[in-house]
Amino acid sequence: MQLHLLTWQEVEKYLTHSNGIIIPIGSTEQHGPTGLIGTDAICAEKIAQGVGENTEAIVAPTINVGMALHHTAFPGTISLRPTTLILYIQDYLTSLFKAGFKKFFFINGHGGNIATVKASFSQFYDHLDSMNFADSEQVKCKIANWFMGREVYQLAKKLYGDEEGSHATPSEVALTQFVYPESIKNAPLEKSVTTGHPIYGAKNFRECYPDGRMGSNPALATPEHGKQFYELAVKELTASYQDFISINN
């Protein structure tokens, strides 16, 4: 159930038997010569919809602009500052909390979001306490990174080995190919790809990783692989969501 396709009465009825909600979060950033700029949001949204279908949970609108400042030297990237994203999430969750939601399960598609999202949870808890909202002690937030699931990781290693890399990976590109087969991109890729450089900023990132890839070979991706990653991620995160909402307040 997608929140934006429901009426307020349907949401009110849902809240009589569940206070959990799934929130996809990704990024709008470069993903190398063959990766869609919306890759991280596309993956998170598709998987969240699958988990929502399995659990009959409401799926909130996707947060599709995340913390991607280190990618902004590449055209098309859009980023929020960490402080902005923290406040965005606080306002987003406060609205949902006031409606009656108390368990917020983020399905994340972008590694660069992890630290900021976790920080936003701490600020959100403090915000609720400082405002003396009733039942604020019942609120729980969790971030689940689809690409870090055990079976997803094992499949990526089996299919791609070290060529999975850590950005513009064949696994995430494959998933977008499964979701949007009409938007598959082809481009020549250099056989040697840089890896292992620390990231100090956007200009430095582009100097170290000139085509946007980090140790990856997305030419290995196929829509068939993407379907496998989707099914594994949905299975793993369905179990994770069910465990999360079963926690006693």
Side-chain angles (χ1 to χ4, degrees), residues 1-28 38 40-67 78-110 112-146 233-234 237-249:
M1 295 180 287
Q2 296 182 69
L3 181 67
H4 65 284
L5 299 180
L6 300 175
T7 65
W8 71 264
Q9 293 97 332
E10 289 173 310
V11 176
E12 189 169 70
K13 182 178 180 181
Y14 171 89
L15 285 164
T16 63
H17 64 83
S18 178
N19 61 12
I21 189 166
I22 297 168
I23 303 169
I25 183 169
S27 184
T28 299
D40 292 341
I42 292 166
C43 293
E45 182 173 85
K46 180 66 175 179
I47 292 166
Q49 290 171 358
V51 176
E53 290 171 4
N54 282 353
T55 60
E56 298 185 342
I58 287 180
V59 178
T62 302
I63 300 173
N64 55 14
V65 176
M67 206 304 288
I78 305 172
S79 180
L80 299 178
R81 290 172 295 170
T83 48
T84 305
L85 183 57
I86 288 170
L87 290 173
Y88 182 101
I89 291 173
Q90 177 178 302
D91 287 353
Y92 193 112
L93 298 187
T94 299
S95 296
L96 291 170
F97 169 76
K98 288 179 178 179
F101 292 97
K102 295 186 177 67
K103 292 183 178 175
F104 305 99
F105 188 83
F106 283 69
I107 293 182
N108 178 45
H110 173 47
N113 285 339
I114 297 172
T116 302
V117 171
K118 287 183 176 179
S120 76
F121 294 165
S122 296
Q123 182 158 312
F124 177 53
Y125 296 140
D126 181 69
H127 169 67
L128 295 182
D129 288 344
S130 66
M131 298 298 292
N132 293 315
F133 284 118
D135 300 328
S136 63
E137 73 283 355
Q138 297 178 16
V139 170
K140 292 179 173 61
C141 304
K142 180 180 176 65
I143 183 171
N145 308 298
W146 76 266
V234 168
L237 292 179
T238 292
S240 182
Y241 177 75
Q242 290 172 330
D243 288 344
F244 176 63
I245 60 171
S246 69
I247 298 172
N248 293 326
N249 291 319

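A quick note: this is a predicted structure, and the numbers were derived from the prediction, not measured.
Minimum interatomic distance between Asp40 and His110 (heavy atoms only, all atoms of both residues): OD2-ND1, 3.2 Å. In plain terms, the two heavy atoms of Asp129 and Ser136 that are nearest each other are OD1-OG, 3.3 Å. Across all non-hydrogen atoms, the minimal contact from Tyr14 to Gly20 is OH-O, 2.6 Å. Here the closest non-hydrogen pair linking Ala57 and Tyr241 is CB-OH, 3.5 Å. Contact record, Asn19 with Gly100: CB-O, 3.6 Å, taken as the closest heavy-atom pair. When all heavy atoms of Pro61 and Leu3 are compared, the pair lying nearest together is CD-CD2, 3.8 Å.
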Cut-off 3.5 Å, no hydrogens considered: what does the side-chain donor-acceptor table look like for residues 79-87, sequence neighbours left out?
from: Ser79; atom 1: OG; to: Ala68; atom 2: N; distance (Å): 2.8
from: Ser79; atom 1: OG; to: Leu69; atom 2: N; distance (Å): 3.0

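For Ala48, the side chain to side chain contact (heavy atoms under 4.5 Å, CB included) partners two or more places apart in sequence, or in a different chain, are Ile22, Pro24, Val59, Ile107. Residues forming a side chain to side chain contact (heavy atoms under 4.5 Å, CB included) with Ser95 (at least two apart in sequence, or on another chain): none. For Gln242, there are no side chain to side chain donor-acceptor pair (under 3.5 Å) partners two or more places apart in sequence or in a different chain. Under the side chain to side chain contact (heavy atoms under 4.5 Å, CB included) criterion, Tyr88 pairs with Ile63, Tyr92, sequence neighbours left out. In this structure, the side chain to side chain contact (heavy atoms under 4.5 Å, CB included) partners of Tyr125, at least two apart in sequence or on a different chain, are Phe121, Val139, Cys141.
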task = Check step by step if side chain to side chain contact (heavy atoms under 4.5 Å, CB included) holds for Ile58 and Phe101.
result = CA-CA 10 Å; Ile58 287 180; Phe101 292 97; 4.2 Å; yes

inquiry  = Checking Glu137 against Asp135 for the side chain to side chain contact (heavy atoms under 4.5 Å, CB included) test, could you report, in this order, the C-alpha distance in whole Å, the side-chain angles of both residues, the deciding distance, and whether it holds?
reply    = CA-CA 5 Å; Glu137 73 283 355; Asp135 300 328; 4.2 Å; yes

key: Ile89 and Ile23: CA distance, side-chain angles, deciding distance, side chain to side chain contact (heavy atoms under 4.5 Å, CB included) verdict   = CA-CA 10 Å; Ile89 291 173; Ile23 303 169; over 6 Å; no

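Residue Ser122 holds its OG atom at 14.5 Å from NE2 of His127, rounded to the nearest 0.5 Å. One distance of note links NZ of Lys98 with CG of Leu128; it measures 10.0 Å at 0.5 Å rounding. Distance CD/Gln123 to OG/Ser130: 9.5 Å, rounded to 0.5 Å. Note that CG of Asp126 and CD of Gln90 are 8.5 Å apart. Values are rounded to the nearest 0.5 Å. For the atom pair SG (Cys43) and CG (Asn108), the distance works out to 11.0 Å, reported to the nearest 0.5 Å. Here the CZ atom belonging to Phe104 is positioned 4.5 Å from the CZ atom belonging to Phe124, to the nearest 0.5 angstrom.
Aromatic ring orientation, Phe244 versus Phe105: tilted (interplanar angle from 30° to 60°).
Looking at Lys103, its side chain does come within 3.5 Å of a backbone N or O of Ile247 through a donor-acceptor pair. Distance alone, capped at 3.5 Å, is enough to place a donor-acceptor pair between the Asn113 side chain and the Met67 backbone. Judged by distance alone, the side chain of Ser120 and the main-chain N or O of Val117 form a donor-acceptor pair under 3.5 Å.
No more than 12 heavy atoms of other residues, nucleotides or ligands lie within 6.0 Å of CD in Glu56, so this atom counts as exposed by the packing criterion.
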